[in-house]
Amino acid sequence: MNYTDDQRKAIETVDKNLQIIACAGSGKTQVISERIAHILDSQGVDPSSIVAFTFTEKAAIELKDRIYGICQKRLGTDQGLGGMYVGTIHGYCLNLLQEPPIYKYLKYKVLSDVCQRLLIDRYSKQSGLTETPLLKDGYLRRWIDSSLYQGLVSICAEADVDYDKIPSGVVASVEKYRSLLHQHKYLDFTTIQMEALNALKSHEELRNKIKEQVRYLIVDEYQDINPLQERIIKTLFDLAGNICVVGDDDQTIYQWRGSDVQNIITFKDRYPNVDTVSIGLNFRSSGAIVDSARQFVEKIPNRLPKKMDSSNSQSFERGDVLALSFKSPVEEADWIVGKIESLHGAAYQDKPHAEERGLCYSDFAVLLRSVKNDARPIMDALDAKDIPYIVSGMDGLFDTPEVNAMRLVYWFLSDYSDGKYTPPSISQVRKSLVDARLGLSQEQIDAGCAFLEEKKKLIPTSNSAELHLQRLYLDFLGTIQLCEEGIDAVSKSTKRSEIAYYNLGKFSTVISDFENIYFKSSVRNLYPEFASFLLYRAPQYYPEGAGENGYGRPDAVQIMTVHKAKGMQWPTVFIPCLRKNRFPSGGSRGRGIFHVIPCDAVSNAERLKGTQEDERRLFYVAITRAEKYLFCSWSPIEEKRNSKKISEFQTDISRYDNITTAEPPAKSIRKIEGKQRHVDLTLPLTFSELKYYFECPYQFKLRFLYGFNEPIQQAMGFGKSLHDALAEIHAESIQGTTITVSDVDRLYEDHFFLPFISPANTQLKENLEKAFKRDLAKYIVENSNKFDKLEHVEKVIELNLANGIVVNGRIDLIRHTETNELTIVDFKSDAEAQDVETTKKQLHIYALGYKQLTGKSADLIEIHNLKHGGADREVVTDAMINSTVQLINEAGADLRSNHLEKCEDCSKCSMKCVCKHKDK
DNA sequence: AGCCAACTGTTTTTT
DNA sequence: ACAGTTGGCT
């Protein structure tokens, strides 16, 4: 590959600290990958001395893939590369907290955004929510201000905050929230980083471990780092000694979420011995687009100096870049769809000298400031012409008929009413089930209604597990004998069944989120709480997502926000709806965090409110997504007061020479056969996912593509507790500590945690406690003679297969036998009813992954049953491993083609309620 | 130019 | 829920 002088300098500067300013389309990922390969190659360092942070998990996968590719080609091997850390800061911090020498956080669970808000609301007083005073007067209110409070608790930890300026009531509330998290053993995304920073600063063992291991720190998207993350980076740098940050101050788009562009602007003043390289040649877009983008972004004051040029990899003809006005959104949408039709199939070269191909629907993107508010007319226009599209970010899961029916089901069961809503009758529920067009017969619906009426009677008095929300959901779907194939029968559109199942699966996820927090409520209270959640809050928490599921790349027009589009590119980009108050955004009004804390308590607080400059950077990101065709447009919405005027950005770009404000007369466009752009898509899988595929491919689909979940059980956490205790035993043994039966009580205190057990169920709790101590003691007695032969605990492996499949997993234990055979060990508590054959496949994958990581082959695999003691042992052979690899490859092919068939044996399957056929 | 009632409502990643 | 924008009216 040929590099420009600047790119080459960026790649080869490894002994000094480095700041790379990478403009849009400048080949940033390639340069970072090449630089990392260069470090490995020329410095001869161990891959595990490299830590690279990316902004998203998706970016991490892409970067890793690129590094592996280069190393394989250059060094002829990818051995050991799994030891490198390439991933998000969050992921790295979580690893720090859950790997030796820290054991405390093993039992902690990461709280998702939705669950965090549920927790805050459920414990509205203990979380500090309703005790948080406003600056004027009054307090934050339950349900209404919880998302504000969520923002507040993160800002307090993530921003540079002057606590002296924050009202003491607010400080006390945030402290209450943090102790609530600890009490329930939760980590939210902010706390992960906060605690990791504390550990990095004060845990000497951890500091030594990192100091020994890490040499090179690389931070991508450095402009979107928040102050807390910067503190983590600085602390790591002090231990590692070398840092390279990559970013572009012009593309800072997450400042409203706390990222601070000052980090990149002042980087060279804050770190020693820094070289700066600006890579500014744009290989993506035509000269006209790059010129326009440059003119547009140069109006921002205080930018880092940089040159921006186009390599002219796309030619420009007048008319390729337009800024148009229309009379109404409908007219605007119709024009867009017309343009898509006229360019569909147009001959296109992805790069100079590349083979020509015809443009496909997936080569068109519609980028919006607000999908929720502006996507509708465009979707309607695409629907009218039967053009496939994918929208991301639309609300409306709860507007779909099938989810609406399920919401009525729970509303009916709960009998929930308040000033605004009264519960539906069974006939309304029946009607909603009919309207959902799920292919149900009269008899099936009758059976379902009878089931509901019967269960409803039990709710006020019973606390049976049968009545927990998820159990009842699956039982109800089983009673009406729902099956995916049945749905097509009533509908002509073939996709209807997948969409309905996807939405119903999402509803199962909604229940899981809710029960995660509310599981211990009595059934009597659970239902009304859930009903009010479904009525008031859930609709805003969950986006409609059908369409983006699956592992394939559908040939469809993409409709998304500019934020989502960051890092992507298309031959053709539409940026419509450029109205005043929309783009640049008029901003949000109403109560915000600065009604709770004063502005001057947070340094650089402006950024959190959103400024014109931020909007300008966002628009710059939008236009630089286009390769050749860029169509900006606007139209007034007559009936909306604030939507009648043109965006100042549209006016601005209309002045530029290359931009044409009226469409030139149509020319004939040469069309050839369409072909989707080739992209190597890696397919990341974890072993726990793959396990379900091995059991039944359709079950995999139900769980991971649709989102169906199993009911929560009170004993959940038992196997995990044992597992965590074993991890500590082994890790401490490797350190030379002698572990004996006398440690069991301490291990019990540190690791035994059952998040869902009801306090009333003392019998179960006692039994599990005893089982925990007994199993652990038995294991120590039977195995402590081998504790001096351990090699690794909880070894992370990443298995890369030739066709882009990457399997992630963790090996419980690796040790030697008396005769020095290398053994891969896995522990099963009796509660985990995993089939032995499946476990063997798991260990074969681990054996292969271990070989890829270390070059060493395992001789044996060993499966321990902790309840009964003893272990099964088997010799590892190439034939066994090859047949497992074969199976994974088949799985990959099936996943990519969405060909996930039902298996024969449903007897043990917990998903059979939503699988079995009508006639069985 | 200044006043005021009517109107209106963003973006989302992180295990 | 609330506060900034808009546009009609003085």
Side-chain angles (χ1 to χ4, degrees), chain A residues 53-60 87-98 105-106 108-117 134 136 138 140-141 143-148 150-151 154 158 186-194 196 221 224-226 228-229 232 252-259 367-375 392-393 395 516 540-543 560-567 577 579-592 594-595 607-611 614-615 617-619 621-622 636-637 639-645 684 686 688 808 810:
Chain A
F53 291 144
T54 58
F55 193 59
T56 62
E57 210 30 62
K58 191 171 148 243
T88 62
I89 298 194
H90 299 81
Y92 187 78
C93 289
L94 190 65
N95 288 350
L96 288 187
L97 296 179
Q98 300 194 320
Y105 292 101
L106 282 170
Y108 281 63
K109 206 166 126 186
V110 177
L111 210 51
S112 71
D113 193 54
V114 174
C115 291
Q116 184 191 25
R117 202 172 325 171
L134 288 159
K136 280 189 178 169
L140 295 183
R141 290 146 306 171
W143 317 126
I144 298 162
D145 295 314
S146 46
S147 91
L148 188 167
Q150 246 184 323
S154 359
E158 286 176 0
Y186 284 128
L187 289 165
D188 65 26
F189 292 119
T190 304
T191 311
I192 292 172
Q193 298 172 92
M194 238 177 75
E221 303 284 7
D224 276 324
I225 290 298
N226 67 38
L228 173 62
Q229 292 169 327
I232 294 169
T252 310
I253 60 171
Y254 287 109
Q255 59 301 110
W256 49 273
R257 230 168 53 188
S259 62
L367 306 185
L368 297 167
R369 181 66 241 262
S370 165
V371 165
K372 277 196 186 76
N373 290 289
D374 290 333
S392 61
D395 265 353
N516 236 324
Q540 290 125 61
Y541 291 7
Y542 297 92
M560 65 177 84
T561 62
V562 182
H563 287 89
K564 282 231 171 92
K566 191 178 182 196
C577 308
R579 293 184 299 270
K580 193 172 180 182
N581 293 321
R582 168 66 72 231
F583 205 171
S585 161
S588 114
R589 278 156 286 256
R591 195 176 271 184
F594 295 117
H595 291 101
R607 72 187 200 278
L608 299 168
K609 299 181 184 169
T611 63
D614 296 330
E615 293 290 312
R617 284 189 266 261
L618 188 60
F619 192 73
V621 168
I637 303 177
E639 54 288 9
K640 282 194 183 178
R641 271 176 91 74
N642 293 356
S643 308
K644 293 184 187 176
K645 291 187 177 166
T686 62
S688 34
N808 283 288
R810 248 169 218 264

For a quick test of reading the model, state the closest non-hydrogen atom pair linking [X] to [Y] and the distance between them.
X      : Y      : answer
A:A565 : A:L367 : CB-CD2, 3.6 Å
A:Y105 : A:L97  : CB-O, 3.4 Å
A:D145 : A:L140 : OD2-CA, 3.5 Å
A:L228 : A:Q193 : CD2-CB, 3.7 Å

Report yes if a side-chain nitrogen or oxygen of [X] is closer than 4.0 Å to either non-bridging phosphate oxygen (OP1 or OP2) of [N]; otherwise report no.
X      : N      : result
A:N581 : C:dT6  : yes
A:H595 : C:dA3  : yes
A:K372 : B:dT11 : yes
A:T56  : B:dT13 : no
A:T88  : B:dT15 : yes
A:K640 : B:dG9  : yes
A:R591 : C:dC2  : yes
A:K566 : B:dT12 : no
A:T561 : B:dT12 : yes

Side chain of [X] - closest among [options]:
X      : options               : result
A:W256 : B:dT12, C:dT6, B:dT15 : B:dT12
A:E57  : B:dT12, B:dT15, B:dT8 : B:dT15
A:N642 : B:dT14, B:dT8, B:dT10 : B:dT8
A:F189 : B:dT14, B:dT8, C:dA3  : B:dT14

| query | Is the shortest distance from a Lys or Arg side-chain nitrogen in A:E158 or A:R257 to a carboxylate oxygen in the other one below 4.0 Å? | reply | no
Would you mind reading off the distance between [X] atom [atom1] and [N] atom [atom2], rounded to a whole angstrom?
X      : N      : atom1 : atom2 : value
A:I637 : B:dT8  : CD1   : P     : 10 Å
A:D188 : B:dT14 : CG    : P     : 16 Å
A:Y254 : B:dT14 : OH    : C1'   : 11 Å
A:L148 : C:dC2  : CG    : P     : 11 Å
A:M560 : B:dT13 : CE    : P     : 11 Å
A:R810 : B:dT15 : CZ    : P     : 13 Å
A:K644 : B:dT8  : NZ    : P     : 9 Å
A:E639 : B:dA6  : CD    : P     : 20 Å

Considering every strand and a 4.0 Å limit on heavy-atom distances, what is the contact class for [X]: base, sugar-phosphate, or nothing?
X      : value
A:N373 : sugar-phosphate
A:R257 : base
A:V371 : sugar-phosphate

| request: Pick the C1' atom in B:dT13 and in C:dC2, then give their distance to the nearest Å. | output: 28 Å
| In whole Å, what separates the C1' atom of B:dT12 from that of C:dG4? | 24 Å
| query | In the structure shown, which nucleotide is the Watson-Crick or G-U wobble counterpart of B:dT8, with both distances under 3.5 Å? | reply | C:dA3
| query | In terms of the nearest nucleotide of DNA chain C, which residue is placed more toward the 5' end: A:K580 or A:L134? | reply | A:L134
| query | Any luck finding a side-chain donor-acceptor pair between A:D113 and A:Q150 under 3.5 Å? | reply | yes
| said: Using 0.5 Å steps for rounding, measure from the CD atom of A:Q116 to the CG atom of A:L187. | reply: 11.5 Å
